[in-house]
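The basis for the numbers below is simple: all heavy atoms, side chains too, and nothing from hydrogens, waters or symmetry mates. Just so we're clear, the structure is a prediction, and the values are computed from it rather than from any experiment. Note on naming: letters A, B, ... go to the chains in the order of the sequence lines (proteins, then strands), and numbering restarts at 1 for each one.
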Protein chains: 2
Amino acid sequence: MVVYAGQGDARRSMALLWRGERPDERPAPGPKPELSVDLIVDTAVAVADEHGMAALSMRAVAERLGRSAMSLYTYVASKNELIDLMYDHAFAELADAVEGETERPWRTAATAWAEHLWRFSLRHPWTLQVSHARPVLGPHEYRVFEALALVLDRAGLGPSDVRNAFGSLFNLVRGLVRTSAEARQALAATGTAEDEWWHARSAQLEEVAPDFDTRFPTLAAMAEGGAFANDDEDQPYLEQEAWQTLRFGMGALLDGIERRLTATTDGQPR
Amino acid sequence: MVVYAGQGDARRSMALLWRGERPDERPAPGPKPELSVDLIVDTAVAVADEHGMAALSMRAVAERLGRSAMSLYTYVASKNELIDLMYDHAFAELADAVEGETERPWRTAATAWAEHLWRFSLRHPWTLQVSHARPVLGPHEYRVFEALALVLDRAGLGPSDVRNAFGSLFNLVRGLVRTSAEARQALAATGTAEDEWWHARSAQLEEVAPDFDTRFPTLAAMAEGGAFANDDEDQPYLEQEAWQTLRFGMGALLDGIERRLTATTDGQPR
DNA sequence: CAAGTCTCCTTATGCCGTAAACTAGCGTTC
DNA sequence: GAACGCTAGTTTACGGCATAAGGAGACTTG
């Protein structure tokens, strides 16, 4: 499921996203509301955290609140709008974490940013399924973006390169953590552990492609060379691999960015 | 929608994926089949290409073939298995493109690989929604992996670093092209063009957050500095941005990889 | 021709988002 | 204090989804 933000009434959604210190409390006629937008959003986040985006339904959220599904529509225009609100609500957590790190040296700060994003994405894997094609444009997402942009700006990159470096870092992390998150979700969704699954599949692979090693010599040699070895039996292999790849990729990417930095400032990074 | 591969009967799925030069044509009793796995897979790919993964339903595929949805289950165990087959079938196209480029100098070859993956992903955006947590393990996916692994191996990286460099490159491209693909899908799904959408949203943003520039000074300064300018009015902004970010990110990442190369081989890359 | 097997169909179950119409609670205004 | 009109929440219903179950007819093999 991929979700596009902001299809509903822009005025309404944006007002909800940026609400906050609204006093706005003149009592309305009609029965006292028993729910609230915040309560619904919290509950929806809990459902999505526990059972994944696929299990997030209006009925599921309502059931937790002891209401009918339709009652949610009093507070929220559609499921899409609810997801926008969930997204930005969750990002507040990441923003708090990330804003504390901007004062460090830029490479340290950028790495910390990436690792916060990593852990956040594993805590809230459903956020990875909210499309960036129509960004949510909520305040907390902006806080997270501002934090990394600030770090890269201070490092001495120009506006366009801040944007480019930002996008590269963000997508590298997002892509890799997705694999890690999906590994966990796949376990939860299918009930089959990774090694168990791999065991069954690789047996079949051998049977069906006995000439694998000659058809794919480099991959075979890599396997032989221990590239896909499981160092730590306690942790699923895919999560290890993704994390190691992140360390490598972040290192290499930051090196490349640093080179551009010294190149444009004549060897004098500020 | 995120799809996990390989939940069905491993034997059955793997046999279908790696079938190919099967003669295996002793006539069976019962009525002549009017469909075939290949026909169904082709049709399903066409549906997904045209209308996206969300519109891919057993009913939609069957309707194109003038059959009932249930008739497909004679050939394919489940929708998940069908997606596995679609995925590897599509990858054949990428494999053909990518295998022709391995002989070039490693940086050129790696860049070409990335760009083939980019264009392929835009032609078949639904492939971006197939999870890698439980890889499909089809022959054509392996061909694509082998091609880049070969290039990186020849460049002089060790097995683990081939894996790390591979994962970094692959996820950088996949993450960025996803934005590009989703921009197109969002247009098709919502009917609202990007600039139109942005126009409405940014007006609301100004209204609801008049203090934006002081709250997010770096982002505001970047906008001021032209970091988010649309160079080419004919192309949607997000696609331009994603492509430029890819150029930057690939360059930086390959620089970083090259540094590791010369470091480990004492300045003598093979 | 009979038996066995295979393709394809219809029907049904239990999910989903949400439209529509309704009931009942409550502040406001005469 | 009665009437009005807004509002929170309900029930019911529609059209979508994957797929389980079972049945009708077509075809090959004995």
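Atom pair L82(A):CG and dC16(C):C1' shows a separation of 15 Å (rounding to whole Å applied). Taking atom CG on L35(B) and atom P on dC6(C), their separation rounds to 17 Å, with Å as the unit. Atom OH of Y75(A) is separated from atom C1' of dA8(D) by 6 Å (rounded to the nearest Å).
OP1 or OP2 of dT10(D) has at least one side-chain nitrogen or oxygen of S71(A) nearer than 4.0 Å. A sub-4.0 Å separation between OP1 or OP2 of dC9(C) and a side-chain N or O of S68(B) is present.
With sequence neighbours excluded, no residue satisfies ring-ring contact (aromatic ring centres under 6.0 Å, His included) with Y75(B). Under the side-chain contact (heavy atoms from CB on, under 4.5 Å) criterion, Q235(B) pairs with D232(B), E239(B), Q240(B), not counting sequence neighbours. In this structure, A188(B) has no side-chain contact (heavy atoms from CB on, under 4.5 Å) partners at least two apart in sequence or on a different chain. Residues satisfying the side-chain contact (heavy atoms from CB on, under 4.5 Å) test with F228(B), not counting sequence neighbours, are R163(A), M222(B), A223(B), Y237(B), E241(B). Under the side-chain hydrogen bond (donor to acceptor under 3.5 Å, both in side chains) criterion, H140(A) pairs with R143(A), sequence neighbours left out. Applying the ring-ring contact (aromatic ring centres under 6.0 Å, His included) criterion to W118(B), with sequence neighbours excluded, gives W243(B). For S202(A), the side-chain contact (heavy atoms from CB on, under 4.5 Å) partners are W198(A), not counting sequence neighbours. Residues forming a ring-ring contact (aromatic ring centres under 6.0 Å, His included) with F91(A) (at least two apart in sequence, or on another chain): Y87(A), F120(A).
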N/O-N/O pairs, protein side and nucleotides 14-20 of chain D side, under 3.5 Å:
residue: dC17(D); atom: OP1; partner: S57(B); partner atom: OG; Å: 3.1
residue: dA18(D); atom: OP1; partner: M58(B); partner atom: N; Å: 3.2
residue: dA18(D); atom: OP1; partner: K79(B); partner atom: NZ; Å: 3.2
residue: dA18(D); atom: OP2; partner: M58(B); partner atom: N; Å: 3.3
residue: dA18(D); atom: N7; partner: R59(B); partner atom: NH1; Å: 2.9
residue: dT19(D); atom: OP2; partner: Y73(B); partner atom: OH; Å: 2.7
residue: dT19(D); atom: OP2; partner: K79(B); partner atom: N; Å: 3.1

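When each of E93(A), R119(A), H89(A) is checked for a side-chain hydrogen bond (donor to acceptor under 3.5 Å, both in side chains) with H124(A), only E93(A) meets the rule.
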Exercise. How would nucleotides 25-30 of chain D be written as a contact map, 5' to 3', with B for base contact, S for sugar-phosphate-only contact and - for no contact, using protein heavy atoms under 4.0 Å?
Worked result: BBBS--

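Side chain of W197(B) to backbone of L187(B): no donor-acceptor contact under 3.5 angstrom is found.
For residues 39-50 of chain B, the pairs satisfying salt bridge (charged side-chain N to carboxylate O under 4.0 Å, His left out) are E50(B)-R64(B), with sequence neighbours left out.
Within residues 39-51 of chain A, no residue has a heavy atom under 4.0 Å from DNA chain D.
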